[in-house]
Chemist: 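Mind looking over this structure? Questions follow.
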Amino acid sequence: MAKTKWNILFATFVLSCLSLATLIVAFCTPYWIISEAREQTAYRNSDIQYGLFTGSLTRNVLATSVPYDLTVICLYEHNVCVYSCQKEEAKRESEVLALLAGEKPAECPISSTKTQSNRVIDEEVKQSSSAKAVSRDSFINAGLWLTTVLFLAVATAFAGASASFSIINVLFNPVEPIFSVFGLYIWNGIVIGATVLTMIMWGALYGSSVSNNIAITDTLTPEAPYSSADLASLGASYWVLFIPILLHGSNIGLLLWRQYEINKEPPPTTIDVDKSDLTIIMY
(Lines give C-alpha, C1' and ligand atoms only; values in the text may rest on other atoms or scores of the structure.)
Protein backbone atom coordinates (compact mmCIF):
# COMPACT_ATOMS: atom_id res chain seq x y z
CA MET A 1 0.00 0.00 0.00
CA ALA A 2 2.85 2.38 0.82
CA LYS A 3 4.29 1.76 -2.66
CA THR A 4 0.92 2.56 -4.25
CA LYS A 5 0.68 5.86 -2.39
CA TRP A 6 4.23 6.71 -3.48
CA ASN A 7 3.42 5.91 -7.11
CA ILE A 8 0.32 8.10 -7.03
CA LEU A 9 2.29 11.10 -5.76
CA PHE A 10 4.99 10.52 -8.35
CA ALA A 11 2.31 10.38 -11.06
CA THR A 12 1.06 13.82 -9.97
CA PHE A 13 4.63 15.10 -10.32
CA VAL A 14 4.89 13.77 -13.87
CA LEU A 15 1.50 15.20 -14.89
CA SER A 16 2.38 18.58 -13.35
CA CYS A 17 5.64 18.67 -15.33
CA LEU A 18 3.72 17.92 -18.54
CA SER A 19 1.26 20.69 -17.71
CA LEU A 20 4.09 23.15 -17.00
CA ALA A 21 5.69 22.35 -20.35
CA THR A 22 2.33 22.83 -22.12
CA LEU A 23 1.73 26.20 -20.47
CA ILE A 24 5.21 27.41 -21.42
CA VAL A 25 4.57 26.32 -25.00
CA ALA A 26 1.28 28.24 -25.01
CA PHE A 27 3.05 31.30 -23.58
CA CYS A 28 5.78 31.33 -26.20
CA THR A 29 4.20 30.15 -29.44
CA PRO A 30 2.60 32.58 -31.93
CA TYR A 31 -0.56 30.63 -32.69
CA TRP A 32 -3.22 32.19 -30.48
CA ILE A 33 -4.79 33.77 -33.56
CA ILE A 34 -4.62 32.46 -37.13
CA SER A 35 -6.08 34.70 -39.81
CA GLU A 36 -6.02 36.06 -43.32
CA ALA A 37 -6.55 39.59 -44.55
CA ARG A 38 -8.25 40.05 -47.90
CA GLU A 39 -7.37 42.76 -50.39
CA GLN A 40 -9.09 42.92 -53.77
CA THR A 41 -6.02 43.70 -55.86
CA ALA A 42 -3.65 41.33 -54.04
CA TYR A 43 -2.34 38.17 -55.61
CA ARG A 44 -3.91 36.33 -52.67
CA ASN A 45 -4.88 37.05 -49.07
CA SER A 46 -2.25 38.02 -46.51
CA ASP A 47 -1.43 35.40 -43.89
CA ILE A 48 -1.27 36.42 -40.22
CA GLN A 49 -0.55 34.54 -37.05
CA TYR A 50 0.34 35.85 -33.61
CA GLY A 51 0.58 34.87 -29.99
CA LEU A 52 0.43 36.90 -26.82
CA PHE A 53 3.56 38.89 -27.67
CA THR A 54 4.80 38.28 -31.21
CA GLY A 55 3.67 37.00 -34.57
CA SER A 56 4.16 37.29 -38.31
CA LEU A 57 2.49 38.87 -41.32
CA THR A 58 3.00 37.69 -44.90
CA ARG A 59 1.72 40.06 -47.57
CA ASN A 60 0.91 38.55 -50.95
CA VAL A 61 0.38 41.70 -53.00
CA LEU A 62 2.28 40.19 -55.92
CA ALA A 63 3.42 36.65 -56.64
CA THR A 64 6.37 37.22 -54.31
CA SER A 65 5.44 36.90 -50.62
CA VAL A 66 6.78 39.56 -48.26
CA PRO A 67 7.15 38.56 -44.57
CA TYR A 68 7.07 40.92 -41.59
CA ASP A 69 7.48 40.39 -37.87
CA LEU A 70 4.70 41.52 -35.55
CA THR A 71 5.13 42.66 -31.94
CA VAL A 72 2.36 43.66 -29.55
CA ILE A 73 2.31 47.22 -28.28
CA CYS A 74 -0.19 48.44 -25.67
CA LEU A 75 -1.04 51.98 -24.63
CA TYR A 76 -2.82 51.48 -21.33
CA GLU A 77 -3.82 55.13 -21.04
CA HIS A 78 -5.93 54.57 -24.17
CA ASN A 79 -6.77 50.93 -23.29
CA VAL A 80 -5.69 49.68 -26.72
CA CYS A 81 -3.19 47.14 -28.06
CA VAL A 82 -1.96 46.64 -31.62
CA TYR A 83 0.28 44.06 -33.28
CA SER A 84 2.79 46.31 -34.98
CA CYS A 85 5.31 45.52 -37.72
CA GLN A 86 7.70 48.25 -36.54
CA LYS A 87 10.98 47.05 -35.06
CA GLU A 88 11.53 49.79 -32.46
CA GLU A 89 9.44 50.49 -29.36
CA ALA A 90 9.18 54.23 -30.04
CA LYS A 91 8.02 53.66 -33.60
CA ARG A 92 5.42 51.16 -32.43
CA GLU A 93 4.01 53.71 -29.99
CA SER A 94 3.95 56.35 -32.72
CA GLU A 95 2.13 53.93 -34.98
CA VAL A 96 -0.64 53.33 -32.44
CA LEU A 97 -1.03 57.06 -31.77
CA ALA A 98 -1.28 57.72 -35.51
CA LEU A 99 -3.95 55.05 -35.90
CA LEU A 100 -5.91 56.49 -32.97
CA ALA A 101 -5.76 59.92 -34.63
CA GLY A 102 -6.90 58.50 -37.98
CA GLU A 103 -3.54 59.19 -39.60
CA LYS A 104 -1.52 56.97 -41.91
CA PRO A 105 1.29 55.36 -39.86
CA ALA A 106 4.78 54.74 -41.14
CA GLU A 107 5.17 51.84 -43.54
CA CYS A 108 6.55 48.57 -42.24
CA PRO A 109 10.33 48.28 -42.56
CA ILE A 110 11.20 46.99 -46.02
CA SER A 111 12.56 43.48 -46.00
CA SER A 112 15.67 42.64 -48.00
CA THR A 113 13.64 39.99 -49.84
CA LYS A 114 11.28 42.54 -51.37
CA THR A 115 11.32 43.21 -55.07
CA GLN A 116 11.35 46.63 -56.69
CA SER A 117 7.64 46.25 -57.52
CA ASN A 118 6.88 45.83 -53.82
CA ARG A 119 8.82 48.99 -53.02
CA VAL A 120 6.81 50.99 -55.54
CA ILE A 121 3.54 49.77 -54.07
CA ASP A 122 4.73 50.61 -50.54
CA GLU A 123 5.68 54.13 -51.55
CA GLU A 124 2.31 54.69 -53.24
CA VAL A 125 0.43 53.52 -50.16
CA LYS A 126 2.63 55.62 -47.89
CA GLN A 127 1.74 58.79 -49.77
CA SER A 128 -1.96 58.39 -49.11
CA SER A 129 -3.54 60.06 -46.09
CA SER A 130 -6.56 59.54 -43.89
CA ALA A 131 -9.10 61.87 -42.43
CA LYS A 132 -11.16 59.36 -40.48
CA ALA A 133 -10.22 57.92 -37.09
CA VAL A 134 -10.57 54.20 -36.44
CA SER A 135 -13.17 53.05 -33.94
CA ARG A 136 -11.70 51.99 -30.57
CA ASP A 137 -13.68 48.75 -30.89
CA SER A 138 -11.37 47.72 -33.71
CA PHE A 139 -8.35 47.70 -31.41
CA ILE A 140 -7.47 44.95 -28.96
CA ASN A 141 -8.69 45.78 -25.46
CA ALA A 142 -5.56 46.30 -23.36
CA GLY A 143 -7.30 45.25 -20.15
CA LEU A 144 -8.40 41.91 -21.58
CA TRP A 145 -4.97 41.29 -23.12
CA LEU A 146 -3.16 42.06 -19.85
CA THR A 147 -5.59 39.95 -17.81
CA THR A 148 -5.02 37.03 -20.17
CA VAL A 149 -1.25 37.29 -19.72
CA LEU A 150 -1.53 37.58 -15.93
CA PHE A 151 -3.82 34.58 -15.54
CA LEU A 152 -1.58 32.47 -17.79
CA ALA A 153 1.44 33.56 -15.73
CA VAL A 154 -0.36 32.51 -12.54
CA ALA A 155 -1.27 29.14 -14.06
CA THR A 156 2.34 28.58 -15.14
CA ALA A 157 3.76 29.55 -11.74
CA PHE A 158 1.41 27.28 -9.80
CA ALA A 159 1.95 24.40 -12.22
CA GLY A 160 5.61 24.70 -11.26
CA ALA A 161 4.64 24.82 -7.58
CA SER A 162 2.47 21.72 -8.02
CA ALA A 163 5.36 19.81 -9.60
CA SER A 164 7.80 20.98 -6.91
CA PHE A 165 5.62 20.05 -3.94
CA SER A 166 4.63 16.75 -5.52
CA ILE A 167 8.25 15.62 -5.63
CA ILE A 168 8.83 17.00 -2.13
CA ASN A 169 5.99 14.82 -0.84
CA VAL A 170 7.45 11.85 -2.69
CA LEU A 171 10.84 12.27 -1.02
CA PHE A 172 9.83 13.69 2.34
CA ASN A 173 6.85 14.05 4.66
CA PRO A 174 6.27 17.79 5.19
CA VAL A 175 4.65 18.74 8.49
CA GLU A 176 3.07 22.04 7.38
CA PRO A 177 -0.35 21.37 5.74
CA ILE A 178 0.28 23.87 2.94
CA PHE A 179 3.38 21.94 1.87
CA SER A 180 1.87 18.50 2.34
CA VAL A 181 -0.58 16.54 0.20
CA PHE A 182 -3.33 18.91 1.35
CA GLY A 183 -1.46 21.76 -0.36
CA LEU A 184 -1.38 19.83 -3.63
CA TYR A 185 -5.16 20.16 -3.86
CA ILE A 186 -4.73 23.95 -3.64
CA TRP A 187 -1.95 24.25 -6.22
CA ASN A 188 -3.73 22.03 -8.73
CA GLY A 189 -7.03 23.85 -8.19
CA ILE A 190 -5.41 27.24 -8.77
CA VAL A 191 -3.87 26.05 -12.04
CA ILE A 192 -7.24 24.83 -13.27
CA GLY A 193 -8.99 28.06 -12.28
CA ALA A 194 -6.33 30.35 -13.75
CA THR A 195 -6.20 28.39 -17.02
CA VAL A 196 -9.99 28.47 -17.39
CA LEU A 197 -9.97 32.24 -16.78
CA THR A 198 -7.19 32.63 -19.36
CA MET A 199 -9.34 30.90 -21.95
CA ILE A 200 -12.37 32.96 -20.98
CA MET A 201 -10.47 36.28 -21.23
CA TRP A 202 -8.92 35.51 -24.61
CA GLY A 203 -12.19 34.05 -25.87
CA ALA A 204 -13.95 37.27 -24.84
CA LEU A 205 -11.27 39.30 -26.61
CA TYR A 206 -11.65 37.20 -29.74
CA GLY A 207 -15.43 37.42 -29.72
CA SER A 208 -15.60 41.15 -28.99
CA SER A 209 -13.04 42.46 -31.49
CA VAL A 210 -10.45 40.10 -33.01
CA SER A 211 -13.00 38.06 -34.96
CA ASN A 212 -13.86 41.25 -36.88
CA ASN A 213 -10.46 42.97 -36.89
CA ILE A 214 -7.18 41.29 -35.97
CA ALA A 215 -5.70 44.68 -35.01
CA ILE A 216 -2.63 44.90 -37.22
CA THR A 217 -1.61 48.01 -39.15
CA ASP A 218 -3.05 46.77 -42.44
CA THR A 219 -6.56 46.25 -41.04
CA LEU A 220 -6.57 49.30 -38.75
CA THR A 221 -5.43 51.93 -41.27
CA PRO A 222 -8.69 53.69 -42.25
CA GLU A 223 -8.14 53.87 -46.00
CA ALA A 224 -6.43 50.49 -46.28
CA PRO A 225 -8.42 47.94 -48.29
CA TYR A 226 -7.41 45.06 -46.04
CA SER A 227 -10.12 43.28 -44.04
CA SER A 228 -9.96 40.28 -41.71
CA ALA A 229 -13.67 40.09 -40.91
CA ASP A 230 -14.77 36.45 -40.50
CA LEU A 231 -11.30 35.22 -41.49
CA ALA A 232 -9.74 34.89 -38.03
CA SER A 233 -9.83 31.82 -35.83
CA LEU A 234 -8.41 30.71 -32.50
CA GLY A 235 -5.15 28.83 -32.99
CA ALA A 236 -3.45 25.81 -31.46
CA SER A 237 -1.72 27.84 -28.73
CA TYR A 238 -5.17 28.64 -27.33
CA TRP A 239 -6.75 25.21 -27.65
CA VAL A 240 -3.73 23.50 -26.09
CA LEU A 241 -4.78 25.05 -22.76
CA PHE A 242 -7.33 22.28 -22.38
CA ILE A 243 -4.40 19.93 -21.70
CA PRO A 244 -3.32 21.57 -18.38
CA ILE A 245 -6.95 21.61 -17.25
CA LEU A 246 -7.22 17.89 -17.97
CA LEU A 247 -3.84 17.08 -16.38
CA HIS A 248 -4.47 18.93 -13.14
CA GLY A 249 -7.99 17.57 -12.96
CA SER A 250 -6.39 14.12 -13.20
CA ASN A 251 -4.00 15.10 -10.40
CA ILE A 252 -6.89 15.93 -8.11
CA GLY A 253 -8.53 12.63 -9.06
CA LEU A 254 -5.30 10.78 -8.20
CA LEU A 255 -5.06 12.53 -4.84
CA LEU A 256 -8.65 11.59 -4.04
CA TRP A 257 -7.87 7.99 -5.00
CA ARG A 258 -4.86 8.06 -2.70
CA GLN A 259 -7.02 9.30 0.16
CA TYR A 260 -9.55 6.56 -0.58
CA GLU A 261 -6.82 3.93 -0.40
CA ILE A 262 -5.67 5.33 2.95
CA ASN A 263 -9.20 5.40 4.38
CA LYS A 264 -9.96 1.80 3.43
CA GLU A 265 -6.87 0.45 5.19
CA PRO A 266 -7.82 -1.55 8.30
CA PRO A 267 -7.07 0.25 11.55
CA PRO A 268 -3.94 -0.91 13.40
CA THR A 269 -4.43 -3.81 15.81
CA THR A 270 -4.74 -2.77 19.44
CA ILE A 271 -4.02 -4.99 22.41
CA ASP A 272 -6.32 -4.60 25.38
CA VAL A 273 -4.63 -5.31 28.67
CA ASP A 274 -6.64 -6.12 31.74
CA LYS A 275 -4.88 -4.08 34.35
CA SER A 276 -6.77 -5.88 37.13
CA ASP A 277 -5.00 -9.12 36.23
CA LEU A 278 -2.19 -9.44 38.78
CA THR A 279 -0.31 -11.89 36.56
CA ILE A 280 0.94 -9.02 34.42
CA ILE A 281 3.22 -8.14 37.31
CA MET A 282 5.26 -11.22 36.39
CA TYR A 283 6.10 -9.59 33.05
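No experiment lies behind these values; they were computed from the predicted model shown.
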Chemist: Heavy atoms only: give me the nearest A159-V191 pair and the separation to one decimal.
Modeler: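 Nearest pair, atom of A159 first, then V191: N-CG2, 3.3 Å.
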Chemist: What pair of heavy atoms forms the shortest contact from T195 to A155, and how long is it?
Modeler: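 Of all heavy-atom pairs spanning T195 and A155, the closest is OG1-CB, 3.5 Å.
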Chemist: Working note: T147 + L197, criterion side-chain contact (heavy atoms from CB on, under 4.5 Å); need CA distance, chi angles, decisive distance, verdict.
Modeler: CA-CA 9 Å; T147 305; L197 289 173; over 6 Å; no
Chemist: At what distance, to the nearest 0.5 angstrom, does CD1 of I8 lie from CG of N169?
Modeler: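 Rounded to the nearest 0.5 Å, the CD1-CG separation comes to 13.0 Å.
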Chemist: Checking S209 against N141: is there a side-chain donor and acceptor pair closer than 3.5 Å?
Modeler: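 Judged by distance alone, the side chains do not pair up.
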Chemist: Taking C-beta and beyond as the side chain, do L18 and I243 meet within less than 4.5 Å on heavy atoms?
Modeler: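 Not touching, per the 4.5 Å side-chain cut-off.
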Chemist: Report yes or no: does Y68 contribute a side-chain atom to a donor-acceptor pair with the main-chain N or O of S84 at less than 3.5 Å?
Modeler: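 Side chain of Y68 to backbone of S84, a donor-acceptor pair under 3.5 Å: no, none is there.
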Chemist: Please check if atom CG in N173 has more than 12 non-hydrogen atoms from other residues, nucleotides or ligands closer than 6.0 Å.
Modeler: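 No, CG of N173 has 12 or fewer neighbouring heavy atoms, counting only those of other groups under 6.0 Å.
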Chemist: Take V66 and T58 through the test side-chain contact (heavy atoms from CB on, under 4.5 Å) and record every step on the way to the result.
Modeler: CA-CA 5 Å; V66 184; T58 303; over 6 Å; no
Chemist: Do I178 and I190 sit in one hydrophobic cluster, given that two such residues count as connected whenever their side-chain heavy atoms are within less than 4.5 Å of each other, even indirectly?
Modeler: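 Same cluster.
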Chemist: Closer than 3.5 angstrom, by distance alone: can the side chain of S19 be matched with the main-chain N or O of L15 as a donor-acceptor pair?
Modeler: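 No: the side chain of S19 does not pair with the backbone of L15.
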Chemist: Sequence neighbours excluded, which residues qualify as ring-ring contact (aromatic ring centres under 6.0 Å, His included) partners of F10?
Modeler: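 Expected list: W6, F13.
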Chemist: Side-chain heavy atoms under 4.5 angstrom apart, residues restricted to Ile, Leu, Val, Met, Phe, Trp, Tyr: same cluster for F242 and I252?
Modeler: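 Same hydrophobic cluster.
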Chemist: Do I34 and Y83 belong together in a cluster built from hydrophobic side chains that touch within less than 4.5 Å?
Modeler: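 No, I34 does not connect to Y83 through the hydrophobic network.
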Chemist: So do the side chains of I200 and F151 get within less than 4.5 Å of each other, counting heavy atoms only?
Modeler: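 Side-chain contact under 4.5 Å: no.
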Chemist: For S162 versus S166, what's the shortest heavy-atom pair and its separation?
Modeler: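 Taking S162 first and S166 second, the nearest heavy atoms are O-OG, 2.8 Å.
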Chemist: Have S46 and E39 got a donor and an acceptor in their side chains that come within less than 3.5 Å?
Modeler: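 Side chains of S46 and E39: no pair found under 3.5 Å.
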Chemist: May I ask whether I140 and L146 are part of the same hydrophobic cluster, defined by side-chain heavy atoms of I, L, V, M, F, W, Y residues being less than 4.5 angstrom apart, directly or through others?
Modeler: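 Same hydrophobic cluster.
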Chemist: With a 4.0 Å cut-off, would you call R59 and D47 a salt bridge?
Modeler: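 No salt bridge links R59 with D47.
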Chemist: With distance as the sole test, does Y238 use its side chain to make a donor-acceptor pair with the main-chain N or O of M199 at under 3.5 Å?
Modeler: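 Pair found, side chain donor or acceptor close to backbone of M199.
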Chemist: Same cluster or not: are L246 and V14 linked, directly or through other Ile, Leu, Val, Met, Phe, Trp or Tyr residues, by side-chain heavy atoms under 4.5 angstrom apart?
Modeler: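 No, L246 and V14 fall in different hydrophobic clusters.
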Chemist: Within the structure provided, determine whether S16 and N251 are in side-chain contact (heavy-atom separation under 4.5 Å).
Modeler: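 Sidechains of N251 and S16: in contact.
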Chemist: Does Q86 reach the main-chain N or O of E107 with its side chain, forming a donor-acceptor pair under 3.5 Å?
Modeler: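 Looks like yes, one N/O pair under 3.5 Å.
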Chemist: So, W239 side chain and L234 main chain: donor-acceptor pair closer than 3.5 Å or not?
Modeler: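 Here the side-chain-to-backbone pair exists.
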Chemist: Could you tell me whether the side chain of Y50 and the main chain of L57 form a donor-acceptor pair under 3.5 Å?
Modeler: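 Absent.
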Chemist: If we count only N and O atoms by modelled type, under 3.5 Å, do the side chains of N60 and S65 hold a donor and an acceptor together?
Modeler: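 Yes.
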Chemist: Is F53 close to V149 at the side-chain level, that is, under 4.5 Å between some pair of heavy atoms?
Modeler: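 In short, these two side chains touch, coming nearer than 4.5 Å.
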Chemist: Would you mind reporting whether M201 and Y206 have side-chain heavy atoms less than 4.5 Å apart?
Modeler: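 The answer is no, as the side chains (C-beta and beyond) never meet within the 4.5 Å cut-off.
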Chemist: Tell me yes or no: between the side chains of T29 and S237, is some donor less than 3.5 Å from an acceptor?
Modeler: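 Short answer, yes.
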Chemist: Between the side chain of T198 and the main-chain N/O of L152, is any donor-acceptor distance below 3.5 Å?
Modeler: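 Pair found, side chain donor or acceptor close to backbone of L152.
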Chemist: Mind checking whether I73 and E95 have side chains closer than 4.5 Å, heavy atoms only?
Modeler: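 Not touching, per the 4.5 Å side-chain cut-off.
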Chemist: Testing the basics here: between I192 and G249, what is the closest heavy-atom pair and its distance to 0.1 Å?
Modeler: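 Closest approach of I192 to G249, heavy atoms only: CD1-N, 3.6 Å.
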Chemist: Locate the shortest heavy-atom distance separating V80 from R136; write the atom from each residue and the value.
Modeler: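 Result for this residue pair: CG1-CD, 4.1 Å.
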Chemist: Among F165, W187, F172, find the residue that satisfies the ring-ring contact (aromatic ring centres under 6.0 Å, His included) test when tested with F179.
Modeler: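 For F179, the ring-ring contact (aromatic ring centres under 6.0 Å, His included) test succeeds with only one of F165, W187, F172, which is F165.
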Chemist: Report the C-alpha distance between V196 and I245 in whole Å, list the side-chain angles of each, state the deciding distance to 0.1 Å, and finish with yes or no for side-chain contact (heavy atoms from CB on, under 4.5 Å).
Modeler: CA-CA 8 Å; V196 169; I245 296 173; 3.7 Å; yes
Chemist: Evaluate whether atom OH of Y76 has more than 12 neighbouring non-hydrogen atoms of other residues, nucleotides or ligands under 6.0 angstrom away.
Modeler: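 Counting neighbours around OH of Y76, more than 12 heavy atoms of other residues, nucleotides or ligands fall under 6.0 Å, so yes.
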Chemist: Between C81 and A215, which heavy-atom pair has the shortest distance, and what is it?
Modeler: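 Nearest heavy atoms, C81 then A215: O-CB, 4.2 Å.
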Chemist: Could you tell me whether the side chain of I33 reaches within less than 4.5 Å of the side chain of I48, counting heavy atoms only?
Modeler: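 With C-beta onward as the side chain, the pair stays apart.
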Chemist: Does either side chain, that of S228 or that of S35, offer a donor lying less than 3.5 Å from an acceptor on the other one?
Modeler: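 S35 and S228 do not have a side-chain donor-acceptor pair below 3.5 Å.
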Chemist: A side-chain contact here means heavy atoms from C-beta on lying under 4.5 Å apart; do L97 and L75 qualify?
Modeler: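 They are in side-chain contact.
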Chemist: So, does T12 use its side chain to make a donor-acceptor pair with the main chain of L9 at under 3.5 Å?
Modeler: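 Indeed, once roles are kept as given, a pair shorter than 3.5 Å links the two residues.
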Chemist: Identify, with sequence neighbours excluded, every residue that meets ring-ring contact (aromatic ring centres under 6.0 Å, His included) alongside W32.
Modeler: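 Testing W32 for ring-ring contact (aromatic ring centres under 6.0 Å, His included), a comparison that skips the adjacent residues, returns W202.
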Chemist: Show me the pairs that pass salt bridge (Lys or Arg N to Asp or Glu O under 4.0 Å) and involve residues 71-91, at least two apart or across chains.
Modeler: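 Every salt bridge (Lys or Arg N to Asp or Glu O under 4.0 Å) pair that includes a residue of residues 71-91, provided the two are not neighbours, is E89-R92.
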Chemist: I would like to know whether F139 and L99 meet side-chain contact (heavy atoms from CB on, under 4.5 Å); could you show each step before the answer?
Modeler: CA-CA 10 Å; F139 292 82; L99 291 170; 3.9 Å; yes
Chemist: Roughly how far apart are L144 CG and L205 CG, rounded to 0.5 Å?
Modeler: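 The distance works out to 5.5 Å.
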